[in-house]
Amino acid sequence: QVQLVESGGGLVQAGGSLRLSCVASGRTFTVYAMGWFRQAPGKSREFVAAIRWSSSDTYYADSVKGRFTISRDNAMNTVDLQMNSLKPEDTAVYYCAQAYGSVLATRSSEYRYWGRGTQVTVSS
């Protein structure tokens, strides 16, 4: 069993920054791809960013490309999401997830374990 715990959410003004962090415990962390998703009120969960186990490969949703950066520290079993130039439309609950495998994944069905989420609210 794997536990994922997110932190770092909060309220920020448009144009500001937040850094989300996710700590994983349980099965071996290093071999699995990790991702961040978000879900805004009344909307379905959407992909934000993913990182392969080696950290050399990353992938972003078009809506966050150039503003968000995903990174991981395999020694610490953490994956972070640095969010800059935040917009009101970034407001959502952000979820950390661990994939079934090691390759980059963008669909929620490709992720096996999920955290409970952390709220990010961007005011205009």
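What's counted below: heavy atoms across the whole structure, side chains too, no hydrogens, waters or symmetry copies. Because the structure is predicted, anything quoted here is derived from the model rather than measured.
Cluster membership for Ile51 and Trp114, using ILVMFWY side-chain heavy atoms within less than 4.5 angstrom, is not shared. Put simply, Met34 and Val2 are part of the same group of oily side chains (I, L, V, M, F, W, Y) that touch within less than 4.5 Å, one to the next. No path of Ile, Leu, Val, Met, Phe, Trp and Tyr side chains, each step under 4.5 Å between heavy atoms, connects Leu104 with Tyr60, placing them in separate hydrophobic clusters. Grouping the Ile, Leu, Val, Met, Phe, Trp and Tyr side chains by contacts below 4.5 angstrom, directly or via other members, places Val48 with Ile70. Hydrophobic clustering (side-chain heavy atoms under 4.5 Å, transitive across Ile, Leu, Val, Met, Phe, Trp, Tyr) keeps Val93 apart from Val12.
Remark: the Arg38 side chain and the Tyr94 side chain contain an N/O donor-acceptor pair separated by less than 3.5 Å. Side-chain polar atoms of Gln3 and Ser25 form a donor-acceptor pair below 3.5 angstrom. No donor-acceptor contact under 3.5 angstrom links the side chains of Thr78 and Asp73, judged on distance only.
Heavy-atom minimum distance, Pro88 versus Ala14: CD-CB, 4.1 Å. Counting all heavy atoms, side chain and backbone alike, Ser85 lies closest to Ser17 at N-OG, 4.3 Å. Between Met83 and Leu86, the shortest heavy-atom distance links the atoms CB-CD2, 3.8 Å. Looking at every heavy atom in both residues, Ala99 comes nearest to Tyr32 through O-CD2, 3.6 Å. Across Gly35 and Tyr111, no two heavy atoms sit closer than the pair N-CE2, 3.5 Å. Considering every non-hydrogen atom in both Ala97 and Leu4, the closest pair reads CA-CD1, 3.7 Å.
In this structure, SG in Cys22 is found 10.0 Å from CZ in Arg72, a value given to the nearest 0.5 Å. Annotation: the span from Ser63 atom OG to Phe47 atom CZ amounts to 9.5 Å, rounded to 0.5 Å. Between atom CG of residue Leu81 and atom CZ of residue Phe68 there is a gap of 6.0 Å, rounded to the nearest 0.5 Å. Atom CD of Glu46 is separated from atom OG of Ser108 by 11.5 Å, given to the nearest 0.5 angstrom.
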Go through the steps to decide whether Arg67 and Asp90 satisfy the test side chain to side chain contact (heavy atoms under 4.5 Å, CB included), and finish with yes or no. CA-CA 11 Å; Arg67 301 187 298 122; Asp90 294 318; 2.8 Å; yes
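Partners of Arg52 under the salt bridge (charged side-chain N to carboxylate O under 4.0 Å, His left out) rule, at least two apart in sequence or in another chain, are Asp57.
Annotation: Tyr113, atom OH; neighbour count of heavy atoms from other residues, nucleotides and ligands within 6.0 Å is above 12. Surrounding NZ of Lys43 are at most 12 heavy atoms belonging to other residues, nucleotides or ligands under 6.0 Å away.
At least one donor-acceptor pair closer than 3.5 Å links the side chain of Glu6 to the backbone N or O of Gly117.
For the pair Val120/Leu18, a side-chain contact is recorded, criterion being any heavy-atom separation below 4.5 Å from C-beta on.
Under the side-chain contact (heavy atoms from CB on, under 4.5 Å) test applied with Cys96, the options Val23, Val79, Thr118 reduce to a single match, Val79.
Taking the ring centre of Tyr95 as origin, the terminal cationic atom of Arg45 falls inside the region bounded by 6.0 Å and 45° from the ring axis.
Residue pairs meeting the salt bridge (Lys or Arg N to Asp or Glu O under 4.0 Å) criterion with at least one member in residues 75-89, sequence neighbours excluded: Arg19-Asp80.
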